[in-house]
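Every chain is numbered from 1, with letters handed out A, B, ... down the list of sequences. Hydrogens, waters and symmetry mates play no part in the numbers below; they use all other heavy atoms, side chains included.
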Amino acid sequence: TGVAMMKFKSPPVNSLSLEFLTEFSISLEKLENNRACRGVIITSAVPKIFSSGLDITEMCGKSMEHYTEFWRAVQEMWLRLYGSNMVTVAAVNGSSPAGGCLVALSCDYRIMAENPKFSIGLNEAQLGIVAPFWFKDTFVNVVGHRIAERSLQLGSLHPAPEAHKLGLVDELVPEEKLMEKAAAVMAQWLALPDHARQLTKTMMRKAVLDRLVAHREEDIKNFITFVSKESIQKSLRMYMEMLKKRK
Amino acid sequence: TGVAMMKFKSPPVNSLSLEFLTEFSISLEKLENNRACRGVIITSAVPKIFSSGLDITEMCGKSMEHYTEFWRAVQEMWLRLYGSNMVTVAAVNGSSPAGGCLVALSCDYRIMAENPKFSIGLNEAQLGIVAPFWFKDTFVNVVGHRIAERSLQLGSLHPAPEAHKLGLVDELVPEEKLMEKAAAVMAQWLALPDHARQLTKTMMRKAVLDRLVAHREEDIKNFITFVSKESIQKSLRMYMEMLKKRK
Amino acid sequence: TGVAMMKFKSPPVNSLSLEFLTEFSISLEKLENNRACRGVIITSAVPKIFSSGLDITEMCGKSMEHYTEFWRAVQEMWLRLYGSNMVTVAAVNGSSPAGGCLVALSCDYRIMAENPKFSIGLNEAQLGIVAPFWFKDTFVNVVGHRIAERSLQLGSLHPAPEAHKLGLVDELVPEEKLMEKAAAVMAQWLALPDHARQLTKTMMRKAVLDRLVAHREEDIKNFITFVSKESIQKSLRMYMEMLKKRK
């Protein structure tokens with residue numbers, strides 16, 4: 001059918017580790033180069049969680065080289081996904097904070113399971129960190145400036161119904177109908193001639209993609225400087241402790 | 001009353017041919033230079049159709065010179081209409097795809113007949129072509145980035161109720177009330193002092209207008225290159241065949 | 001609690017005179033430099049009016065030097081408020097036209113008394129004048145391009161329920177609950193780590209703040225040229241006469 005299915009399966013919470021991101025980018029590249037593949041549905045094989053976002057262990061107590069490699073991998077994933085020529089549909093079947101939300105925001109269409117226990121948002125501020133400018137740009141392109149400003153400052157995690165109301169996700173469906181709906185949406189998007197659809201997508205997203213490409217090294221440097229601060233390291237360690245205790 | 005009425009009357013579907021566009025621009029220029037004229041209501045004299053958009057016969061099997069002249073006329077019309085100092089109200093009394101939608105989007109206010117059989121949208125992608133960047137900019141200024149991205153990629157033609165929900169049109173009224181409502185809206189806008197209103201309009205639209213002015217020749221070149229491709233010519237011929245059969 | 005309360009008290013209508021603006025800016029600066037202060041709630045001590053906006057007597061029949069000083073004070077207030085590191089909550093307990101609306105728009109959150117007799121908006125066009133580009137930028141960041149374009153051209157004053165529907169204010173509450181609600185919202189925003197919240201706010205607002213900083217002298221010159229015109233002076237005098245008669 002020309003449609004690939006990508007199921008995140010890195011228990012317990014589909015953290016975006018360096019390894020995960022590298023594999024994700026390679027998979028996207030392979031699909032992109034496969035002319036038989038025209039669309040990809042992204043979902044999770046882990047119950048209740050789509051992706052918990054960037055793996056905090058990659059940002060704690062590691063070397064500058066490691067931070068550099070990690071951040072480049074985050075950028076790479078986003079550049080490939082947001083700029084993909086394929087139709088990309090996120091079937092958000094669980095919670096999706098921070099980097100997990102970015103993955104969903106970077107797709108062409110977002111369908112979420114209508115479970116109010118599932119939430120989604122760029123909640124970086126809650127952890128004492130700041131979403132990078134290109135997370136913000138991607139968010140603004142989806143929900144507009146005002147909703148983004150408020151949600152980012154509050155580090156909001158929006159329950160599915162609220163996320164839908166804000167336009168963060170396009171549609172809610174009962175969880176058992178999620179894949180069926182994703183396939184139907186994909187079919188609708190694939191009904192369009194690829195070339196015209198791809199050029200249109202590029203026209204809409206190029207400015208934001210170009211901005212990261214132009215400032216990529218600077219963005220890496222900013223990340224390293226930020227993450228190396230003792231205060232930030234402390235925040236992240238505390239957050240990890242809290243996560244461990246929750247389990 | 002200082003209000004002009006412009007009724008598109010080029011049966012069967014008010015295609016924006018080179019001749020039509022030239023006449024449209026000249027009429028706008030005349031009204032603009034007529035100090036007694038402060039506003040214009042744009043509507044159609046052809047039943048069920050506002051304007052079907054750019055005349056595809058102008059883009060098929062013609063010379064480079066013709067394409068150049070045609071595209072310059074499309075640009076000219078938009079620069080005059082989107083940048084008009086007059087109050088411009090679109091009374092959309094029929095379907096309005098592609099270039100027809102652009103005409104409506106370029107006005108200050110859009111009222112549409114609440115007939116769900118009438119649809120409006122920038123459906124270029126459906127024909128295998130891409131809306132130019134300034135069609136896109138005009139659209140984004142009206143409905144925002146997300147709705148524009150989705151609608152343009154899908155080449156959506158939105159039935160009147162949906163168009164209203166998306167903000168593509170400002171108001172729906174029963175068809176028989178359309179002109180009365182347009183006059184009332186016009187009166188409301190004309191109650192403002194011209195000078196302040198015009199400067200405000202310029203402030204809001206200048207960035208997008210300037211962008212085409214700065215890239216006008218490049219945009220013509222892009223159009224010619226694109227439309228001259230054999231694959232595009234084929235798409236357009238197929239589309240015209242389909243239209244003929246429909247009749 | 002780390003929260004300051006600022007109550008506008010300059011009867012009869014909290015006009016933003018040179019003196020008022022200077023005091024406002026100094027107060028903001030003091031709070032900003034007071035590390036114990038993390039947030040400020042802005043409201044009015046004058047019944048039925050939040051602020052009537054820029055004091056027109058400062059713009060009528062004064063010297064160039066006075067206009068310069070006045071306009072610089074308007075800019076200064078906005079730069080401080082829109083760029084404040086504190087959490088800023090507007091408790092809009094009365095009407096808030098023009099510059100009064102700008103004050104509310106520049107805060108992080110706007111709560112308005114749900115009295116339909118109270119209205120808010122950038123109604124400059126009604127007086128024959130034009131809102132400066134940075135009023136417009138602030139407005140667009142809150143309500144988006146389309147709503148801003150229409151509202152600014154019509155110089156609309158939106159009754160509270162309409163303002164809420166347009167997103168101009170975030171929430172409506174009964175007037176007697178306004179301060180309680182403002183305190184609750186403030187607590188919610190202050191629950192976030194200051195540093196991350198402040199950097200996020202800067203990321204969202206920097207482009208618009210920088211634009212005025214880069215064009216500040218030019219903007220003053222524009223204001224002087226504009227306000228010195230005999231036609232504008234006449235409009236403003238007529239408006240003042242009308243206000244006097246109303247009383």
Quick check on side chain to side chain contact (heavy atoms under 4.5 Å, CB included): which of A:Glu149, A:Arg146, A:Gln153 does C:Met204 satisfy it with? A:Glu149
Neighbour count above 12 (heavy atom, 6.0 Å) for C:Glu23 CD: no
Heavy-atom pair of closest approach, residues C:Pro193 and A:Ala125: CD-O, 3.3 Å
State plainly whether the residues C:Asp108 and A:Arg150 are in salt-bridge range, i.e. N to O under 4.0 Å. no
With a cut-off of 6.0 Å (strictly less than), are more than 12 heavy atoms of other residues, nucleotides or ligands near CD of A:Glu69? no
Using heavy-atom distances under 4.5 Å, tell me whether C:Gln188 contacts chain A through its side chain, its backbone, both, or neither. both
Neighbour count >12 (heavy atoms, 6.0 Å) for atom NZ, A:Lys229: yes
Can you tell me which portion of A:Phe226 sits under 4.5 Å from chain C's heavy atoms? Options are side chain, backbone, both or neither. side chain
Tell me if the CE atom of A:Met238 is crowded by more than 12 foreign heavy atoms within 6.0 Å. no
How many angstroms lie between CG in A:Leu154 and CZ in C:Arg197, if you round to the nearest 0.5 Å? 9.0 Å
Greater than 12 external heavy atoms within 6.0 Å of A:Lys181's NZ: no
Please state whether the side chain, the backbone, both or neither of A:Ile129 comes within less than 4.5 Å of a heavy atom of chain C. backbone
